[in-house]
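Sequence lines set the chain letters: A, B, ... in the order given, protein chains first and strands last, and positions in each chain run from 1. Treat the numbers as computed from the prediction; the structure is a model and nothing was measured.
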Amino acid sequence: MRVGKSTFLHLCLAFSLSLILILILLTLVSAQEVDSLRSSTDSAYTIPDSGLVLVAPVTSLIAEDYKYDDGEQLKLSWVPSIDDQLVDSKVLGYRLFRSIDGGTPEILAKLPPGTNSFLDRTVQRERKYQYYLETFSENFVVQSIVTAAISPEREWLNLDRGWLFIIALFISIAIIFFVEKAKRGHKLYVRKIAGLEAIDEAVGRATEMGRPVLFIPGINDMDDVQTLAALTILGRVSRTIADYDSQIFMPVSRSLVMTAARETIKTSYMAAGRPDAYSDDMVNYVTDEQFGYVAAVDGLMVRERPATVFLLGAFFAESLILAETGNSVGAIQIAGTARPAQLPFFIAACDFTLIGEELFAASAYLSGEPRQLGSLKGQDVGKGLAMSVIILGVLAVTIATAWDVEIMHNVHNWLLGVFSSN
Amino acid sequence: MKRLVPLTITFIVGFVLIFSVFLPPAEGLDQTFTLYFDIIAVFAFFLGGGNLMRVHINKLRRQKKDWGFSVVTIAGFLFMLAAGLFKIGNPGDIATAVDTQGSLFKTVFDYVINPLQSTMYSLLAFFVASASYRAFRAKNREATLLLIAAFVILLGRTPFGMMVTGWIPDSFSIFQIPNLAIWIMNSPNLAGQRAIIIGIGLGVISMSLRLILGVERSYLGDDNA
Amino acid sequence: MPNIGVSISLLVIFGGLAWLLIRSISGREVDRRIIFVFIFVAVAAPLLFPITFQEKATSIVRDLFDRIEELPEGSHVLISFDFDPAMAPEVQPMANAISRHCLDKGHRVIFMSLWATGQSLMTTTLTNVILPEFPEKVDGRDYVNIGFKAGNEGVLNVIVSDFKKMFPTNVNGVPLDSMEIFEGIESCADLDFIVALGGGRPGPKEWVLFVGDPADVPIGVGVAAVVAPQLYPYYPQQVIGILGGIKGAAEYESELTHRRERFADMETPGLHMMGPQTLAHLVIMSFIIIGNIAFFRKKRSGSDSR
Amino acid sequence: MNRSTYILTAIVVLLFIVSWTLKAVSLSGEVDDNITRGFLITISAFLTLAIFSFLYKDNPFYKFAEHLFVGVSAAFWMCQGFWSTLVGNLFPRLSEGLSNFFMVPYQYSPYNITYWIPVILGLLLLMRLSSKAGWLSRWPLAFIVGTTAGLNFIRYLRSDFVVQVSSTFVPLLGNESHPWTGIGDFFSHLSLSASGQFMMILANWIIFLGVICGLIYFFFSKEHKGVFGFASRIGIWVLMITFGASFGYTVMGRISLLVGRLTFLFRDWLEIIS
């Protein structure tokens with residue numbers, strides 16, 4: 001069965017929308033307040049015996065549900081004993097006791113002085129828990145009051161991440177919007193990317209010289225998006241190679257990448273109508289070891305003398321070893337990575353370099369499909385968002401710090417809250 | 001069918017993983033899926049290792065150029081595989097770590113892999129010099145900026161930076177090379193890094209979305225192209 | 001004798017450079033193998049005839065030092081060895097210096113690694129530094145080696161909420177629950193400070209993203225010089241301080257030798273390694289100049305003939 | 001292989017034996033297994049030199065080292081994957097019998113059954129070897145692509161987008177250590193001191209404008225002309241300074257690596273430095 005792309009996209013959209021609806025419903029259901037339980041503050045002091053190092057108990061012991069989790073944690077907080085000091089402390093530590101469903105209290109943890117909170121991760125939703133703390137000195141122990149019984153709650157939505165969700169939604173909608181718009185035939189301008197313009201010429205050169213094309217998809221496995229980006233570009237490049245009847249070599253350092261790359265090249269050759277020209281020998285696994293792989297690729301370069309080298313994907317220290325060796329055999333090199341640390345080396349040693357975001361845009365650009373190009377426009381909306389927020393934030397913090405304007409402090413803090421990493 | 005099933009799998013898995021971040025009951029899913037990935041990757045080793053052996057055995061059988069070296073690869077591979085899987089020379093029992101000190105596996109790592117790895121890595125010292133000789137030329141305005149920034153930082157990383165510019169008075173101390181170097185690292189360099197990183201963030205988001213929604217399917221072979 | 005060696009090698013390097021400079025004025029390019037020879041001599045000579053220079057700590061290094069200095073005694077510090085032998089010349093001196101500093105301050109140190117190759121390097125630090133220099137410190141109370149776990153960021157994802165789920169025992173199979181050092185430590189959130197040493201992935205960046213930010217634990221990092229600029233955006237909000245490459249290590253060592261008397265005479269591999277560094281930097285800078293002279297001469301002669 | 005290669009190989013073998021012997025002799029007092037150790041150190045040194053020889057040109061010694069490296073290290077990582085992922089993480093969740101066999105503690109959980117998913121997908125991947133059912137191997141690949149896309153979507157959104165945007169909220173007129181006290185004060189204290197107010201303010205302006213211009217450079221859908229074009233030019237300049245600075249900063253680390261290797265040769269092998 002051949003699925004129309006638009007049908008599939010619509011299915012996806014419908015599914016996503018219904019999921020979002022369910023989520024909103026869930027929020028309404030789960031928005032119940034859980035009261036935290038407080039113990040009364042002070043417990044009685046014991047009458048001092050001579051020789052005992054007396055210590056005060058902790059106060060304001062609170063046990064509350066931890067937000068936001070699957071009902072697996074309870075958060076305890078308290079004010080440490082007043083005898084718990086940084087220097088010359090009488091308190092040697094605390095012992096935390098817990099009773100389950102009103103059973104006998106058992107020790108849960110021994111805590112060092114200075115502690116004022118504890119996260120109990122060994123709780124279950126069906127049970128009720130009560131806690132108290134013992135403060136101990138060399139020879140004296142005092143108890144805090146016991147907290148009221150409490151069970152952990154499951155929250156269905158992590159409301160701390162609400163803003164993250166909204167930002168994700170905003171960027172996603174922008175991308176999907178422009179994908180749809182482009183599909184309806186709306187013309188889109190996309191600027192030239194020099195490295196990608198050169199691909200045809202570079203592959204053609206290899207054909208003319210009768211030398212192979214070498215494609216290195218980085219050294220990370222398929223769990224890195226850069227490797228996926230490299231494979232999507234490989235899909236386009238191998239199509240050109242099939243059309244030009246050039247030779248391609250692709251040593252890889254991950255078995256999974258080998259499997260995926262073979263699949264990619266094979267389908268490109270089939271699409272070009274030359275399935276017979278494809279062979280599994282185009283892609284070979286070498287070794288997972290970073291420098292073992294580099295040693296083998298270097299050897300391959302000086303022996304096979306490729307006319308064109310693609311270095312696209314996740315690269316680490318090996319970037320410059322590969323690029324310099326490629327340069328020394330006179331190959332045209334097109335590189336690209338989203339590892340900022342390696343970009344300078346590619347810039348220095350390669351003919352064309354795709355910088356960061358350009359690597360991810362490359363396959364969309366090469367495809368020339370309106371839908372794919374639409375997603376690039378959507379990314380630009382994301383950049384617009386970043387720029388506006390930066391300008392707003394910079395303004396707010398500048399005014400706030402220079403003239404101590406209350407409202408600008410609030411704006412700044414609000415923006416920091418929205419753009420925070422939780 | 002051959003295309004619908006993979007696209008659906010990608011869509012569901014990707015979508016569920018994105019949403020799991022916002023749903024506390026599903027929050028462990030990313031760990032689970034990371035582990036799934038690792039397990040599948042181990043299965044792929046059969047394909048990779050098998051392929052490596054096939055290539056070199058073919059070379060050997062057909063007596064291709066340099067076939068002698070293929071013997072080295074095959075022997076090294078089988079030797080190390082045996083050493084690791086059967087824990088040869090391991091002082092402990094089956095439960096001790098495979099790279100326990102004294103095992104054959106660890107010895108080969110220390111005296112064969114380690115020197116090869118570090119030496120290969122250290123070739124960079126030479127390549128970094130030859131690349132800077134060739135690339136840092138004042139060909140145009142961009143290349144000149146590249147050259148100047150690199151030169152200032154290089155100077156700032158040596159005591160010579162201070163020797164040459166240490167006399168500059170405090171009120172102009174930004175012109176002392178080490179200070180200038182740190183300032184470049186912390187200001188223009190930071191700005192550039194950030195612009196790149198934000199761009200990468202957006203690139204990854206868009207790429208992921210294209211993959212999840214099936215807009216990008218060239219890795220499955222593009223039916224339009 | 002070393003002085004004669006130094007003089008001869010300096011003479012060779014600078015004489016050679018002068019010769020290449022003269023050649024380049026006539027617009028001639030240098031073969032890359034000649035550059036290789038110069039780099040080799042510039043690095044080998046100071047190793048054979050040692051030269052050391054004085055270092056002064058920059059603020060980004062001092063911030064990290066001060067943080068460890070100011071933590072109260074008995075704080076829990078985790079040091080992660082996420083590097084391999086190839087990075088060890090740069091990162092191991094940092095590891096040694098920071099471990100010394102922490103133990104001397106009376107902090108409790110947890111050693112771990114996200115790299116299979118990091119475990120043996122951790123053992124190196126334990127056997128060469130901690131056992132001989134801190135015989136009074138007890139394994140399991142003052143420090144512990146919990147070893148390596150495979151899974152990269154996955155490991156971090158787990159230990160950020162639960163340590164013992166990923167590391168039920170230390171490297172010798174002793175359960176963590178039975179150790180004094182792990183009292184009150186359930187997850188990374190309970191630690192006082194984390195030092196992430198590394199230079200690849202997973203490494204310091206992953207520690208910041210997967211542990212430092214979500215669990216709100218201060219992180220200091222020591223990295224191979226190559227990735228240090230990449231970490232600057234995280235300083236000073238997301239990381240406390242950065243030791244970048246061997247220069248960072250040398251600065252930390254000089255801070256340690258000057259500010260803690262006990263270490264006044266300790267080994268300072270970082271400082272020693274700055275000799276070859278300085279010469280090699282000089283050679284590279286000279287080649288950049290030579291290259292530009294050759295380039296401009298060629299450009300001039302090219303436009304003359306036109 | 002020609003004659004000179006044979007002669008060279010013979011010389012290297014001879015030197016190898018000499019080094020082995022000398023090393024074994026010099027270690028004889030220190031360790032019991034001095035003959036093995038002598039061999040191991042010599043082979044390390046030989047492999048080190050073999051890799052360095054590539055700098056001159058490709059040669060049989062490099063080829064030997066390269067082929068050995070590939071074979072041994074491929075097996076190294078496979079063993080690591082087997083022991084740490086399969087034995088360490090999969091078997092304890094899959095079967096009690098296997099866990100007992102490998103002496104790892106069995107971790108019971110009602111969800112353990114889900115660990116058959118990667119096993120089945122892994123087996124489907126192996127279908128690639130069959131020409132008929134090869135298309136089934138696309139399923140695990142699709143699963144992996146979905147996992148990677150889903151996990152990284154949020155990861156990069158949080159760490160590379162959200163956090164980097166909010167870290168760029170820099171005050172343009174002074175901060176806590178250099179508070180803004182009015183334009184008059186600013187000019188009367190104007191200095192080019194590295195830790196002074198002016199340089200700090202300038203740094204923040206450059207960060208602010210540099211990030212904005214850098215982002216403008218990456219704009220795909222707008223022509224880089226006029227003011228926009230000017231800003232994108234500034235953007236590429238900032239990027240060039242970034243690349244130059246990062247490059248220069250890195251050199252030190254690369255030299256250190258060479259120092260490490262030469263130290264091994266001079267100290268551990270030749271014993272000419274201490």
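Looking at Ala386(A), the atoms closer than 4.5 Å to chain B (heavy atoms on both sides) all sit in the side chain, from C-beta outward. Contacts of Ile196(B) with chain A are made by side-chain atoms alone, with heavy-atom separations under 4.5 Å and no backbone atom involved. Contact annotation for Ala364(A): both backbone and side-chain heavy atoms come within less than 4.5 Å of a heavy atom of chain B. Interface residue Leu256(A): backbone and side-chain heavy atoms are both found under 4.5 Å from chain B. Residue Ser238(A) does not touch chain B at all, counting heavy-atom pairs closer than 4.5 Å. Only the side chain of Phe345(A) comes within less than 4.5 Å of a heavy atom of chain B; its backbone N, CA, C and O stay farther away. Residue Ser375(A) touches chain B through both its backbone and its side chain, counting heavy-atom pairs closer than 4.5 Å. Proximity to chain B (any heavy atom under 4.5 Å) is shown, for Ile265(A), by neither the backbone nor the side chain. For chain B, no part of Glu72(A) is nearby; none of its heavy atoms comes within less than 4.5 Å. Heavy atoms of Met270(A) lying under 4.5 Å from chain B are absent altogether. If you measure heavy-atom distances from Val257(A) to chain B, you find no contacts under 4.5 Å at all. Heavy-atom distances place the side chain of Glu324(A), and not its backbone, under 4.5 Å from chain B. In this structure, chain A has a heavy atom under 4.5 Å from the side chain of Val55(B), while its backbone stays farther away. Residue contact with chain A, scored on non-hydrogen atoms closer than 4.5 Å, involves the side chain of Leu211(B) exclusively. Of the two parts of Leu209(B), only the side chain, counted from C-beta on, holds a non-hydrogen atom closer than 4.5 Å to a non-hydrogen atom of chain A.
Put simply, the side chain of Phe37(B) reaches to within 4.5 Å of the side chain of Met222(A), judged on heavy atoms. The shortest distance between side-chain heavy atoms of Phe360(A) and Val225(A) falls below 4.5 Å. Between Thr144(B) and Ile148(B), the closest side-chain pair of non-hydrogen atoms falls below 4.5 Å.
Of residues 117-124 of chain B, those residues with a non-hydrogen atom less than 4.5 Å from any non-hydrogen atom of chain A are, in numerical order, Gln117(B), Met120(B), Tyr121(B), Leu124(B).
With chain A as the partner, the residue from Ile113(B), Ile198(B), Val21(B), Asn51(B) showing the most heavy-atom pairs under 4.5 Å is Asn51(B). Considering only heavy-atom pairs separated by less than 4.5 Å from chain A, the leading option among Gly28(B), Ala135(B), Ala44(B) is Ala44(B). Of the listed residues Gly203(B), Pro25(B), Gly48(B), the one with more heavy-atom pairs under 4.5 angstrom with chain A than any other is Pro25(B). The candidate with the highest count of non-hydrogen atom pairs below 4.5 Å against chain B, out of Ser328(A), Ser172(A), Ala260(A), is Ser172(A). Each of Glu358(A), Arg262(A), Glu318(A), Gln226(A) has some count of heavy-atom pairs under 4.5 Å with chain B, and the biggest count is that of Arg262(A). The choice from Ile347(A), Leu359(A), Asp69(A) that makes the most heavy-atom pairs within less than 4.5 Å of chain B is Asp69(A). Most heavy-atom pairs under 4.5 Å with chain B, from the set Ile233(A), Leu320(A), Leu231(A), Ile175(A): that is Leu320(A).
With rounding to the nearest 0.5 angstrom, the CG atom of Leu157(A) is 9.5 Å from the CZ atom of Phe22(B). Taking CG of Leu164(A) as the start and CG of Leu169(A) as the end, the distance is 11.0 Å to the nearest 0.5 Å.
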Step-by-step side chain to side chain donor-acceptor pair (under 3.5 Å) determination, Gln290(A) to Ser253(A): CA-CA 8 Å; Gln290(A) 179 184 15; Ser253(A) 82; over 6 Å; no
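Residues Arg339(A) and Asn220(A) bring no donor and acceptor atom of their side chains to less than 3.5 Å of each other. There is no side-chain donor-acceptor pair under 3.5 Å between Asp70(A) and Tyr68(A). In this model, a donor atom of one side chain and an acceptor atom of the other lie less than 3.5 Å apart for Ser206(B) and Gln379(A). No side-chain N or O of Arg236(A) forms a donor-acceptor pair with one of Thr232(A) less than 3.5 Å apart.
Glu263(A) and Lys266(A) are not joined by a salt bridge, as no carboxylate oxygen comes within less than 4.0 angstrom of a charged side-chain nitrogen. Between Asp281(A) and Arg54(B) there is a salt bridge, since at least one side-chain N of the basic residue sits less than 4.0 Å from a carboxylate O of the acidic one. Look at Lys377(A) and Asp380(A) and you find no salt bridge, because none of the NZ, NE, NH1 or NH2 atoms lies under 4.0 Å from a carboxylate O.
Counting only distance, with no hydrogens or angles, the side chain of Asp221(A) and the backbone of Asp223(A) share no donor-acceptor pair below 3.5 Å. Although no hydrogens or angles enter the test, the distance criterion places a donor-acceptor pair under 3.5 Å between the side chain of Tyr293(A) and the main chain of Pro251(A). No donor-acceptor distance shorter than 3.5 angstrom exists from the side chain of Glu153(A) to the backbone of Gly71(A), with no hydrogens or angles considered.
Less than 6.0 angstrom separates the ring centroid of Phe19(B) from the ring centroid of Phe15(B).
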